[in-house]
J.: 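Below is the structure I would like to discuss, written out as C-alpha cells.
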Amino acid sequence: MSIIKTLRERAEPLNVAELAKLLLVTEATVQRWARQKQIPCIRIGDTIRFDATMLADWIELEGACARPPRAPSNPEGY
C-alpha cells in the first residue's frame, strides 16, 4: 500500500514514531524536519503530531514540484 493511501485512510493524527516508521526514517529525522518546519506538523506543548490528510496533501504537492518537466512529444518543439 502506498504511503499516500495509508495516510488518506487514517483518521487520527500520527506521532513521531509512527511517521518515522511509515517513511522509513529515524525518529530523530522526523523531529528535525518538524523543528526546521520542513514538514507540516501540529505542536501541543512539547508534543508533535502529524495530521494524516495534511501530510498526504503535502507529499503530493512536494512530489509534483520535484518532478522534472515533461519533454514535448514533438522534438521540434524545443
Side-chain angles (χ1 to χ4, degrees):
M1 182 180 295
S2 75
I3 292 171
I4 293 175
K5 186 173 181 176
T6 301
L7 289 170
R8 294 256 184 243
E9 292 177 353
R10 187 169 173 117
E12 66 278 352
L14 290 91
N15 63 33
V16 171
E18 292 168 329
L19 184 58
K21 184 177 179 182
L22 182 64
L23 298 178
L24 303 175
V25 297
T26 65
E27 290 180 33
T29 297
V30 173
Q31 290 172 341
R32 184 179 70 246
W33 289 343
R35 186 175 53 252
Q36 294 176 348
K37 297 182 178 154
Q38 294 177 319
I39 192 167
C41 66
I42 302 163
R43 289 186 172 270
I44 304 166
D46 291 337
T47 304
I48 302 171
R49 293 287 184 263
F50 302 90
D51 179 83
T53 303
M54 188 184 308
L55 280 173
D57 292 344
W58 177 79
I59 289 169
E60 288 180 332
L61 180 63
E62 288 293 311
C65 292
R67 289 188 200 127
R70 299 178 107 195
S73 57
N74 180 0
E76 294 176 6
Y78 282 105

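No experiment lies behind these values; they were computed from the predicted model shown. The first residue in the sequence is number 1, and the count goes up from there.
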J.: So, do E18 and L22 sit near enough that their side-chain heavy atoms are less than 4.5 Å apart?
T.: no

J.: Do the side chains of L7 and W58 get nearer than 4.5 Å, heavy atoms only?
T.: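 They are not in contact (no side-chain heavy atoms under 4.5 Å apart), so the answer is no.
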
J.: Find the distance between CZ (R35) and SG (C41) and round it off to the nearest 0.5 Å.
T.: 11.0 Å

J.: Atom CD1 of I4 and atom CD of E60: how far apart are they, to the nearest 0.5 Å?
T.: 4.0 Å

J.: Could you check I48 against V30 for side chain to side chain contact (heavy atoms under 4.5 Å, CB included), going step by step and ending with a plain yes or no?
T.: CA-CA 10 Å; I48 302 171; V30 173; over 6 Å; no

J.: Do R8 and D57 touch side chain to side chain, with heavy atoms closer than 4.5 Å?
T.: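 Heavy-atom side-chain distance check passes, below 4.5 Å.
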
J.: Rounded at 0.5 Å granularity, tell me how far CH2 in W33 sits from CG in L23.
T.: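 That separation rounds to 5.5 Å.
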
J.: Distance from M54 atom CE to I39 atom CD1, nearest 0.5 Å?
T.: 11.0 Å

J.: With sequence neighbours left out, what residues match N15 under side chain to side chain donor-acceptor pair (under 3.5 Å)?
T.: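 Residues passing side chain to side chain donor-acceptor pair (under 3.5 Å) with N15: none at all.
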
J.: Considering all heavy atoms of both residues, which atom of D51 and which atom of I42 are nearest to each other, and what is their separation?
T.: CB-CD1, 4.0 Å

